[in-house]
Amino acid sequence: MTALTQSVPDMEALIKDGSNKSALTCLHCPSRILNASVGTYVEKEFSLPAMTKLKSQTDTENHVLKDFWKVSDMFHFENVGFSHTADGVKYLTCADCEMGPIGWHDLQTKENFVALCRVKNS
Ligand SMILES: [Zn+2]
């Protein structure tokens with residue numbers, strides 16, 4: 001299994017008072033995922049499979065990501081989809097075009113984490 005590290009250029013510009021400065025949308029369609037100021041920036045290492053339409057996912061290449069927006073309650077999302085369960089987490093996807101994973105949902109803590117580099121700041 002390969003692990004590629006993805007980092008976010010110009011991250012400071014995306015954060016205001018520890019939260020997302022602007023609303024987050026899908027990279028692949030106009031679907032709004034999160035309103036501004038709802039997520040909390042956290043630095044955390046987590047390995048996510050490469051972005052794809054999950055239903056057609058065949059490879060197992062993982063990317064190690066470090067920058068996430070934490071969303072404490074799944075009902076705080078504007079739109080989000082959930083994929084299958086794997087290792088105590090559910091992957092988050094775009095609710096409209098199903099691209100993902102854009103992050104993960106922890107089944108124990110109920111917290112959600114959205115990767116900064118997998119969403120667009122609108
Ligand atoms: Zn989408």
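Indexing begins at 1, ligand by ligand and atom by atom, following the structure's order.
Considering only heavy atoms from C-beta on, N20 stays 4.5 Å or farther from L14 through its side chain. Looking at heavy atoms from C-beta onward, I33 lies in side-chain contact with I102 at the 4.5 angstrom threshold. Between F46 and W104, some side-chain heavy-atom pair lies under the 4.5 Å cut-off.
Screening residues 70-95 for salt bridge (Lys or Arg N to Asp or Glu O under 4.0 Å) gives K70-E111 as the qualifying pairs, with residues at least two apart or on separate chains.
Counting only protein N, O or S atoms closer than 2.8 Å to the Zn ion (ligand 1) gives 4.
At distances below 3.5 Å, at least one donor-acceptor pair connects side-chain atoms of R118 with backbone N or O atoms of P101. Of the possible donor and acceptor atoms, one in the side chain of S122 sits under 3.5 Å from a partner among the backbone N and O of A23.
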